[in-house]
Amino acid sequence: MRKKIVAGNWKMNKSMDEAMILASEVVHMVKDEVNADVQVIIAPPALYLTTLQKHTGPVSNMGIAAQNCSNKASGAYTGEISASMLKSIGVTHVIIGHSERRQYFNETNEELAEKVNIVLENGMTPIFCCGESLEQRQGEGFFAFVASQLTEGIFHLSAEDFGKVVIAYEPIWAIGTGLTASSAQAQEMHAYLRGHLASKYGQVVADETSILYGGSCNEKNAEEIFSQPDVDGGLIGGASLKSREFTNIAKSF
Ligand code: 13P
């Protein structure tokens with residue numbers, strides 16, 4: 001059985017005080033209300049990871065993710081944060097290849113493949129993001145485009161390492177726009193991607209891989225989206241900044 005996962009990507013939001021309040025509210029609500037078989041992950045800004053890990057660490061079905069990491073192991077890379085540093089403070093997951101990083105920081109599939117490797121070498125779970133733009137969605141070939149992001153970013157992995165990766169499909173046109181993919185559109189892409197994984201790693205591995213949906217997911221639409229057979233949870237942006245709404249999403253399976 002593949003894991004059900006709800007991850008909150010806080011992006012570049014919240015002061016330290018606000019982050020502490022949000023994290024502690026989420027931790028309490030998750031402990032009290034969310035089924036133990038749902039893994040709940042928060043991805044705060046890197047600056048707050050050390051502090052917030054102390055809240056999430058003791059909760060067995062919670063994890064804490066960095067939003068990015070360096071593709072280099074260590075050394076003279078001013079401003080960067082390495083995977084081993086993240087590991088050393090108890091980070092469990094790292095979001096890799098979010099469309100905002102691809103778009104604003106020009107991250108290439110080649111660099112992202114290196115980041116996936118270094119995250120795995122350090123015993124953490126990469127949450128590997130993929131998704132097409134609006135122009136691509138309106139044209140042809142967007143299924144093949146999203147598949148190519150997986151091919152170039154993670155298909156170099158052994159089946160064993162691949163089994164440790166979580167995938168997040170986030171259509172760019174649905175991120176922060178209030179325009180959600182319909183549950184049918186999400187299911188269609190997720191099923192297609194699972195088929196693509198099966199073509200490389202076999203059906204058993206593909207069936208064990210969690211594929212999350214992201215893009216204007218909220219407490220109102222989560223249940224329908226998560227009810228789709230190939231949708232295993234969500235990567236939540238705006239709605240993860242409110243503890244009540246985020247927890248409600250985690251309860252939507
Ligand atoms: P929104 O939920 O705000 O659309 O953001 C989705 C996202 O980018 C999560 O990584």
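In this chain, numbering begins with 1 at the start of the sequence shown. Just so you know, these numbers use all the heavy atoms, side chains as well, and skip hydrogens, waters and symmetry mates. Whatever order the structure lists them in is the order used to number ligands and atoms, beginning at 1.
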Can you find an N/O atom of [X] closer than 3.5 Å to an N/O atom of ligand 1?
{"X": "Ser216", "result": "yes"}
{"X": "Glu170", "result": "yes"}
{"X": "Gly214", "result": "no"}
{"X": "Leu235", "result": "no"}

Near Gly215, which atoms of ligand 1 are under 4.0 Å from a heavy atom of that residue?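 Near Gly215, the atoms of ligand 1 are 4 (O), 6 (C).
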Report, in ascending order of atom number, the atoms of ligand 1 lying under 4.0 Å from any heavy atom of Gly176. 1 (P), 3 (O), 4 (O)
Between Trp173 and Gln138, is there a side-chain donor-acceptor contact under 3.5 Å, judged purely by atom types and distance?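 Note: Gln138 and Trp173 side chains miss the donor-acceptor criterion.
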Which heavy atom of the protein is the closest neighbour of atom 3 (O) of ligand 1, given with residue, atom name and distance?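 It is Gly238 N, 2.8 Å.
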What protein heavy atom lies closest to atom 2 (O) of ligand 1? Include the residue and the distance to one decimal. Gly237 N, 2.9 Å
side-chain contact (heavy atoms from CB on, under 4.5 Å) evaluation trace for Met62 with Ile41: CA-CA 6 Å; Met62 284 201 76; Ile41 297 163; over 6 Å; no
Parallel, tilted or perpendicular: which describes the rings of Phe155 and His196, with under 30° parallel and over 60° perpendicular?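 Judged by the thresholds at 30° and 60°, the geometry between Phe155 and His196 is parallel.
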Examine distances only and state if a side-chain atom of His190 and a backbone atom of Asp230 form a donor-acceptor pair shorter than 3.5 Å. yes
Within the side chain of Arg194, is there an N or O that forms a donor-acceptor pair under 3.5 Å with the backbone of Ala206?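 It does hold such a pair.
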What's the verdict on side-chain contact (heavy atoms from CB on, under 4.5 Å) for Leu235 and Tyr213, showing C-alpha distance, side-chain angles and the deciding distance? CA-CA 6 Å; Leu235 181 53; Tyr213 168 78; over 6 Å; no
Considering only NZ, NE, NH1 and NH2 on the basic side and carboxylate oxygens on the acidic side, decide whether Lys4 and Asp37 come within less than 4.0 Å. yes
Judged by non-hydrogen atoms, does Ala239 sit under 4.0 Å from ligand 1? no
Contact with ligand 1 for Ala174, non-hydrogen, under 4.0 angstrom: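 Per 4.0 Å heavy-atom rule, Ala174 contacts ligand 1.
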